[in-house]
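Per chain, numbering begins at 1; letters A, B, ... match sequence-line order. The structure displayed is predicted, hence computed values, not measured ones.
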Amino acid sequence: MKKYFLGNKISFLSVSSNMTDRKIRFDALVNALYGDLYRYAIWLCKNPSIAEDLVQETFLRAWKSFDNLKDEKAAKAWLITILRRENARMYERYRPELLDVEDMVLEDTAAGPGQITENYMLQKAITRLEVEFREPIVLQIIGGFSTEEISGILELNKNTVLTRLFRARSKLKQSYIEQPHVRGKRNG
Amino acid sequence: MLEVNEMDDLEFRRKAYADPKNQDNEFLDKKNSSDEDRNFVEDLQRFDEKLKNAMNVKPPEGLAERIILNQTLSDYSQSKQRQRYMLSMAASVLLVLGLFFYIFQPVSDINIENEVFAHVYEELTHLNDKQDKNVSHFNKVLAEYGGEFLGEIGEINYLGSCDIVKKKGVHMILAGTHGSVTVMMLPEISVREEQKISDNRFHGSIIPTGKGSIAIVGEKGESLDEIKKTLQNNFNWAI
């Protein structure tokens with residue numbers, strides 16, 4: 001309103017208001033997607049502090065090329081693509097350390113000692129999946145992406161994605177079935 | 001319910017494992033064709049819920065705030081960097097300009113005045129010379145600088161090349177009505193406009209010409225207008 005009222009002469013004001021708009025949109029994007037992005041990152045690299053670095057770096061890069069993001073619905077896939085690239089770069093840089101990372105530290109929410117929750121067991125099973133199976137199923141379940149979208153993000157053809165999803169779920173189901181002592185959380 | 005292309009069990013199971021929420025008609029038809037198939041898919045969907053819970057790791061406390069802070073700081077440091085860049089660009093430009101003017105500076109006018117008088121006093125003895133030279137001698141010297149004088153200048157009592165204001169020039173002494181008149185051709189020294197000069201004994205002008213400038217100095221009381229006009233109007237400079 002102010003802009004109309006004062007006319008064109010204060011175009012610097014509208015420039016700064018564009019900046020503010022951009023910042024508002026960016027902050028909204030961070031708030032909406034940082035959780036899913038972090039989850040994707042941690043299941044990708046299995047290390048909480050590397051995952052946080054990846055998410056930070058991803059959003060920094062996203063901010064720099066924020067104007068390229070035309071369709072905000074595509075934002076999640078776009079961010080994940082950036083994060084994958086960052087992960088590949090980081091992996092290349094710090095390969096020796098990363099190779100030592102066996103499992104991430106998982107929260108065992110078991111009710112008491114000697115108990116192991118279903119959740120914890122499944123988390124262990126997910127970390128044990130090879131990354132080529134782990135990645136598509138995390139994208140499907142956490143990201144809510146369709147097979148086509150996953151094949152776009154991973155740059156794989158659709159049949160390969162379907163095969164990997166099938167094998168990922170089979171492996172997880174298998175390890176779930178093979179844990180006779182697993183107890184579900186009864187209080188949920 | 002006989003379908004010619006009904007999905008076989010193996011393919012159905014593969015599809016269910018790949019995506020339990022598959023919405024293809026063929027898949028849904030098969031799923032709804034028997035309790036067993038429906039249970040199979042629903043069991044997988046329940047398993048997916050468990051997987052979702054397992055994958056649903058909580059992000060660290062304050063991560064969103066840290067991301068936004070990080071972005072703000074990086075913007076700030078970028079703008080600092082930009083400022084530093086602009087500052088260093090400005091400094092470079094100033095340096096280049098400074099060097100340019102240092103090398104190509106038109107020697108300042110006040111400087112010329114002092115130098116011209118200094119040269120007159122250094123060679124005061126020439127004021128009394130009687131070399132008896134004329135325009136053709138003058139033109140020979142001028143030719144070195146690509147100049148030619150087309151008018152009459154009268155008797156030349158002294159004519160020589162010397163260093164004036166640390167640059168090569170022509171020093172000439174003519175007869176005036178109140179003593180001698182010194183004329184210095186300064187081809188390498190430019191002035192923007194005529195500059196009057198004077199001290200206790202002499203007065204004169206430095207005037208721009210086609211190539212550099214000419215200093216004309218006479219005793220106080222000497223009228224220099226005539227000679228100035230002659231010098232202003234009769235030069236021909238080959239560039």
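Using a 4.5 Å cut-off between heavy atoms, A:L172 contacts chain B through both its backbone and its side chain. Looking at A:T58, there are no atoms closer than 4.5 Å to chain B (heavy atoms on both sides), in backbone or side chain. For A:F166, the parts lying near chain B are the backbone and the side chain together; criterion is any non-hydrogen pair under 4.5 Å. Using a 4.5 Å cut-off between heavy atoms, A:K173 touches chain B through backbone and side chain atoms alike. The part of A:F26 that comes within reach of chain B is its side chain, from C-beta onward, which places non-hydrogen atoms under 4.5 angstrom from that chain. Heavy-atom distances place no part of B:N22 under 4.5 Å from chain A, backbone and side chain included.
Looking only at heavy-atom pairs under 4.5 Å with chain B, the residue among A:T163, A:V138, A:V30 that has the most is A:V30. Counting heavy-atom pairs under 4.5 Å between each of A:L162, A:L37, A:D36, A:T147 and chain B puts A:L162 at the top. Note on A:L165, A:N31, A:V161: by heavy-atom pairs under 4.5 Å with chain B, the leading option is A:L165. Of the residues considered (B:N53, B:D48, B:T72), B:D48 shows the highest number of contacts with chain A, using heavy-atom pairs under 4.5 Å.
In the model, A:Q140 has no side-chain atom that pairs as donor or acceptor with a side-chain atom of B:K21 under 3.5 Å. No hydrogens or angles considered: nothing links the side chains of A:R61 and A:Q56 as a donor-acceptor pair under 3.5 Å.
For an aromatic pair to be called close, the ring centres must be under 6.0 Å apart, and B:F47 with A:Y176 satisfies this.
Within a 6.0 Å sphere centred on CZ of A:R167, other residues, nucleotides and ligands contribute 12 heavy atoms or fewer. Atom CD of B:E36 sits in a sparse spot, with 12 or fewer heavy atoms from other residues, nucleotides or ligands closer than 6.0 Å. Counting heavy atoms of neighbouring residues, nucleotides and ligands inside a 6.0 Å radius, atom CD of B:Q232 exceeds 12 of them.
Electrostatic pairing of B:K220 and B:E222 does not count as a salt bridge here, judged by no charged N lying under 4.0 Å from a carboxylate O.
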